[in-house]
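This report concerns only the one structure given below.
Computed from a prediction, not measured in an experiment: that's the story for all the values here. These numbers come from the heavy atoms of this one structure, side chains and all, not from hydrogens, waters or symmetry mates. Numbers restart at 1 for each chain; the letters A, B, ... are given by sequence-line order, proteins then strands.
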4 protein chains.
Amino acid sequence: MAYNNDSDKVKEKKKSKREAIMNAVIMTVAQKGFHKTNISDIARAANVADGTVYLYFKSKDEMFIKAFEELATKKLKTIKQLIDTKQSALERLSSFFDYHIEIITENPYIARFIGVEIRQSPDFYEKYPSYQPFKEYISYLQQLIEEAKAEGDIRDVDAEAVSYIIFGTMDFILAEWAMKNQEFPLEDMKNKISDILQFGLMKRGEK
Amino acid sequence: MAYNNDSDKVKEKKKSKREAIMNAVIMTVAQKGFHKTNISDIARAANVADGTVYLYFKSKDEMFIKAFEELATKKLKTIKQLIDTKQSALERLSSFFDYHIEIITENPYIARFIGVEIRQSPDFYEKYPSYQPFKEYISYLQQLIEEAKAEGDIRDVDAEAVSYIIFGTMDFILAEWAMKNQEFPLEDMKNKISDILQFGLMKRGEK
Amino acid sequence: MAYNNDSDKVKEKKKSKREAIMNAVIMTVAQKGFHKTNISDIARAANVADGTVYLYFKSKDEMFIKAFEELATKKLKTIKQLIDTKQSALERLSSFFDYHIEIITENPYIARFIGVEIRQSPDFYEKYPSYQPFKEYISYLQQLIEEAKAEGDIRDVDAEAVSYIIFGTMDFILAEWAMKNQEFPLEDMKNKISDILQFGLMKRGEK
Amino acid sequence: MAYNNDSDKVKEKKKSKREAIMNAVIMTVAQKGFHKTNISDIARAANVADGTVYLYFKSKDEMFIKAFEELATKKLKTIKQLIDTKQSALERLSSFFDYHIEIITENPYIARFIGVEIRQSPDFYEKYPSYQPFKEYISYLQQLIEEAKAEGDIRDVDAEAVSYIIFGTMDFILAEWAMKNQEFPLEDMKNKISDILQFGLMKRGEK
DNA sequence: CATGAATGAGTCTTCATTCAT
DNA sequence: TATGAATGAAGACTCATTCAT
């Protein structure tokens with residue numbers, strides 16, 4: 001049933017090859033580091049020939065950028081769906097923090113990829129000024145913060161500043177955790193940090 | 001008189017040449033980015049021959065690591081001296097934050113170097129497991145936090161967690177700031193963040 | 001009726017496709033130059049798939065050789081027909097020169113193709129020793145010269161030598177003209193050269 | 001004596017390496033053809049490492065252009081010196097023709113290089129519009145023709161047209177001769193052509 | 001016959017490192 | 001010590017050719 005349409009079959013095959021390459025990028029970069037990952041590595045990991053990569057991406061750069069973007073977008077979407085059930089914005093904000101860390105924890109190679117490797121190329125920022133991988137994440141965080149403020153759950157803080165604190169902290173501990181090969185218990189650390197941050201946002205006299 | 005001691009002259013020359021190379025590393029990396037900086041660039045900037053670099057460092061890697069370490073150590077020492085006059089640990093903690101940002105602001109190339117480029121090579125962490133550029137910074141931060149707790153100025157929080165929040169936040173905004181070519185006003189952002197963080201550490205009912 | 005003979009249809013299609021490829025070769029090479037022209041370019045210009053090219057030619061080399069040969073043969077045939085009306089061999093010889101240049105002038109891409117690009121591959125001469133694109137041209141020229149001699153219109157010169165002078169000169173000025181993007185007036189130059197050459201072939205005291 | 005100056009020694013070594021590469025270019029291109037010659041071939045022929053080529057030339061293109069130019073200039077200079085002793089311009093013109101062919105005959109690989117391969121890259125004419133390898137040759141020929149006219153040795157012909165006839169003819173027969181692996185007797189052909197051309201330039205009633 | 005996705009050998013170029021001077 | 005010419009391994013990318021559909 002699934003394959004009785006040739007057009008579909010072809011499309012799927014093509015899609016799966018592109019996806020295989022995308023996955024190969026993430027896995028390989030996570031393992032070998034951004035700058036030691038070459039086209040041959042990726043091609044081998046994706047089970048395709050070197051040249052095949054260039055059927056799907058114009059250049060190595062473009063391939064990496066696409067991999068970053070698609071991974072970030074996908075993860076953000078997952079998180080959004082997960083926290084969509086929460087009633088208050090504060091809960092959503094707190095859950096955002098939790099889920100982000102949880103997702104990364106379950107796929108440590110993503111931590112390595114996003115948290116450690118993604119910063120590696122100021123080149124990208126020059127060559128592709130529009131390349132702002134965290135932008136969506138940060139915007140969404142700020143939106144949650146504004147909502148929480150509007151709902152009266154947190155005090156009147158600058159949303160941008162708070163978003164940087166939350167994201168910077170998450171980014172840093174995940175990078176450290178990934179770099180140190182997951183030696184320290186992330187769950188514990190996450191809770192401690194979550195407490196402190198929430199405490200800093202709470203209105204006086206509450207709780 | 002000046003030239004009657006060859007040994008001294010040589011030693012001094014050597015020292016100054018090594019230093020010239022270290023400075024050249026930082027300046028060049030800051031300008032061209034980590035991965036576009038090659039030995040020839042550095043040698044030219046340091047006014048030495050390519051081969052000379054290898055008289056002072058075993059490899060390019062080692063040279064970069066040493067440059068990172070020495071810069072971090074030097075800056076930490078400067079900060080320590082600056083905040084040594086402060087009476088309370090809380091003040092020192094707050095000043096640490098301020099000075100760190102101030103120093104970086106005045107030397108944006110360091111921001112680029114430390115904040116953006118330093119994370120670039122997970123290789124380093126494998127090849128040179130002892131390479132933990134932030135370690136000293138983080139330890140010192142934790143020490144300040146413990147002192148502030150002991151002095152009763154801040155509530156009983158986990159020092160490690162707090163150090164990660166502070167450092168992660170600083171690291172992130174400086175990287176963003178550097179990456180976006182110093183477009184947004186760092187001073188403003190710093191104050192907002194500082195306020196929020198302090199608020200989160202304060203004891204209830206205080207201030 | 002139209003479609004009841006599959007064999008014919010197929011043969012015609014095949015023929016027209018082959019011709020489309022041949023034309024595409026000449027046009028594309030004329031535009032992009034020999035070595036920048038690849039199979040994909042040609043296939044696109046001929047409106048066929050890359051693989052289709054290999055149904056009509058064993059290799060890229062063979063395809064180019066066939067294109068050269070067929071173009072040269074076709075043009076020579078055209079010239080022969082045009083000068084067939086002329087009475088004397090000398091007139092035919094002179095007209096040959098004129099028509100050759102005229103044809104090329106009207107299709108500058110051929111000049112580029114024949115005059116500039118055709119010489120590009122000594123490989124061809126090794127791989128395909130029978131590849132002598134000018135041979136037919138030269139032979140025909142020599143034949144005309146012999147006839148003119150027999151008719152007593154020109155003095156007793158070595159036909160081979162004269163054929164080389166005529167062809168070499170034509171070849172060179174057309175190549176220069178094509179390479180310099182048709183900047184200088186070819187008509188003028190042609191007449192001057194034609195005069196000089198005729199003068200050199202004339203019998204003393206004549207005209 | 002020759003090597004008692006270090007600076008000289010170094011300069012000579014460097015010069016000899018550059019020259020080795022230049023010679024390797026010409027020899028290798030003559031043997032393998034322009035487009036089948038790669039950097040590795042040249043480096044091997046010059047007894048240097050691939051990378052060494054790039055110490056002397058910015059790119060493969062530049063290397064080829066320099067090789068063309070220097071070879072043409074050198075040969076023209078040699079010819080000029082040889083014909084400088086001749087009294088009349090007509091003799092110089094005739095000798096030019098003779099010597100050009102003689103030089104090429106003695107170094108058939110040059111014929112292949114100049115005559116056959118040099119035309120291979122319309123790219124060059126686009127990328128480097130100033131690249132006109134024959135220009136000097138042609139100009140010098142025209143100068144000789146004008147002088148011969150002024151001296152009354154040849155009739156009043158268009159110097160440009162004549163230069164194209166002479167150069168085109170030489171170019172063509174040398175290319176044919178080189179391409180056919182020196183099968184036919186060049187000396188004979190040269191004399192026949194020389195006669196015809198001189199005849200075409202002579203004044204009526206003369207000789 | 002026709003397609004065009006896939007292949008992978010081949011090529012230019014860069015650059016960390018060495019070593020003769 | 002200092003030099004910088006020389007090395008050659010490595011890597012991104014191209015493209016003629018094949019083959020499953």
Side-chain angles (χ1 to χ4, degrees), chain A residues 6-7 9-10 13-14 17-18 35-44 46-61 63, chain B residues 6 9-11 13-14 17-18 35-44 47-63, chain C residues 6-7 9-11 13-14 17-18 35-44 47-63, chain D residues 6 9-10 13-14 17-18 35-44 46-61 63:
Chain A
D6 267 12
S7 163
K9 220 194 323 193
V10 166
K13 228 183 187 174
K14 189 169 175 181
K17 201 150 264 187
R18 191 187 184 282
H35 281 92
K36 285 207 170 166
T37 297
N38 52 34
I39 293 289
S40 287
D41 293 330
I42 291 165
R44 201 178 312 114
N47 241 340
V48 299
D50 289 20
T52 304
V53 170
Y54 289 86
L55 296 177
Y56 296 94
F57 304 96
K58 269 205 289 287
S59 69
K60 200 189 175 193
D61 272 10
M63 187 185 61
Chain B
D6 268 13
K9 203 179 93 192
V10 165
K11 216 182 287 178
K13 234 187 182 170
K14 183 168 176 180
K17 210 153 258 191
R18 191 186 184 283
H35 283 92
K36 284 191 179 168
T37 296
N38 51 36
I39 294 286
S40 284
D41 292 330
I42 292 165
R44 201 178 314 112
N47 244 340
V48 299
D50 290 19
T52 305
V53 170
Y54 289 84
L55 297 176
Y56 297 94
F57 306 96
K58 268 206 294 282
S59 70
K60 198 191 178 193
D61 273 9
E62 201 212 62
M63 187 186 61
Chain C
D6 268 13
S7 166
K9 201 180 93 193
V10 164
K11 216 181 287 178
K13 234 187 181 170
K14 185 169 177 179
K17 210 154 258 191
R18 190 185 184 285
H35 283 92
K36 284 191 178 166
T37 296
N38 50 37
I39 293 287
S40 284
D41 292 329
I42 292 165
R44 200 179 313 114
N47 243 340
V48 299
D50 290 19
T52 304
V53 170
Y54 288 85
L55 297 176
Y56 297 94
F57 306 96
K58 267 206 295 280
S59 69
K60 199 192 177 193
D61 273 10
E62 201 212 60
M63 186 186 61
Chain D
D6 268 12
K9 218 189 336 186
V10 165
K13 228 183 185 171
K14 190 169 176 179
K17 202 151 261 187
R18 192 187 184 281
H35 282 92
K36 285 206 169 166
T37 296
N38 53 33
I39 293 288
S40 287
D41 292 331
I42 292 165
R44 201 178 313 113
N47 242 339
V48 299
D50 288 21
T52 304
V53 170
Y54 290 86
L55 296 177
Y56 296 94
F57 305 97
K58 271 205 289 284
S59 69
K60 199 190 177 193
D61 271 10
M63 188 186 61

Check your understanding: If each of B/G51 and D/G51 is mapped to the nucleotide of DNA chain E with the nearest heavy atom, which maps nearer the 5' terminus, i.e. the 5' end?
Key -> D/G51
**Study point:** Atom-to-atom span, CG of B/L55 to C1' of E/dT18 - whole angstrom
**Key:** 12 Å
Review point. Rounded to whole angstroms, how far apart are CZ on B/R18 and C1' on F/dT1?
Key: 16 Å
**Study point:** B/S40 side chain near E/dC15 phosphate (N/O to OP1/OP2, under 4.0 Å)
**Key:** no
Exercise for review: Would you kindly give the NZ-to-P distance between C/K58 and F/dA16, to the nearest whole Å?
Suggested key: 18 Å
Check your understanding: How close or far is atom P of F/dA12 from atom CE of A/M63, stated in whole angstroms?
Key -> 9 Å
Review point. Atom CG of D/N47 to atom P of F/dG8: distance rounded to whole Å?
Key: 11 Å
Check your understanding: To the nearest angstrom, how far is D/R44 atom CZ from F/dG8 atom C1'?
Key -> 13 Å
Practice item. Report the distance from atom CG of B/D50 to atom CZ of B/R44, rounding to the nearest 0.5 Å. Key: 8.0 Å
**Study point:** Residue matched to F/dT21 through Watson-Crick or wobble contacts both under 3.5 angstrom
**Key:** E/dA2
Point to revise | N/O (side chain, A/K17) to phosphate O (OP1/OP2, E/dA6) under 4.0 Å | key: yes
Revision key, fill the gap. Between B/V53 and C/T37, whichever has its closest DNA chain F nucleotide further toward 5' is B/V53
Practice item. Respond yes when some side-chain nitrogen or oxygen of A/Y54 is under 4.0 Å from OP1 or OP2 of E/dT7, and no when none is. Key: no
Study note, to complete from the structure: Here the pair of heavy atoms bringing C/K60 nearest to C/T37 is NZ-O, 3.2 Å
Review point. Between E/dG4 atom C1' and C/I42 atom CD1, what is the distance in whole Å?
Key: 16 Å
Review point. Looking at A/Y56, does any N or O in its side chain come under 4.0 Å of the phosphate oxygens OP1/OP2 on E/dA5?
Key: no
Exercise for review: Name the nucleic acid region contacted by D/V48, choosing base, sugar-phosphate or nothing; use a 4.0 angstrom heavy-atom cut-off, strictly under.
Suggested key: sugar-phosphate
Practice item. Calculate the interatomic distance between A/K60 atom NZ and F/dT14 atom P; express it in whole Å. Key: 14 Å
Point to revise | Reported CZ-to-CG distance for the pair B/R18 and B/L55, which is rounded to 0.5 angstrom | key: 12.5 Å
Exercise for review: Look at the side chain of C/N38 and decide which nucleotide, out of E/dA16, E/dT3, F/dC15, has an atom nearest to it.
Suggested key: F/dC15
**Study point:** Closest to the B/I39 side chain, choosing from F/dT7, E/dT17, F/dA16
**Key:** E/dT17
Practice item. Work out which heavy atom in B/E62 is nearest to a heavy atom in B/K58; give both atom names and the distance. Key: OE1-N, 3.3 Å
Exercise for review: Identify, between C/A49 and A/D50, the residue whose nearest nucleotide on DNA chain E lies closer to the 5' end.
Suggested key: C/A49
Exercise for review: Please determine, for E/dT7, whether a Watson-Crick or G-U wobble partner exists with both distances under 3.5 Å, and give it or none.
Suggested key: F/dA16
Practice item. Determine whether C/M63 and C/I42 make a side-chain contact, defined as any pair of heavy atoms from C-beta on separated by less than 4.5 Å. Key: yes
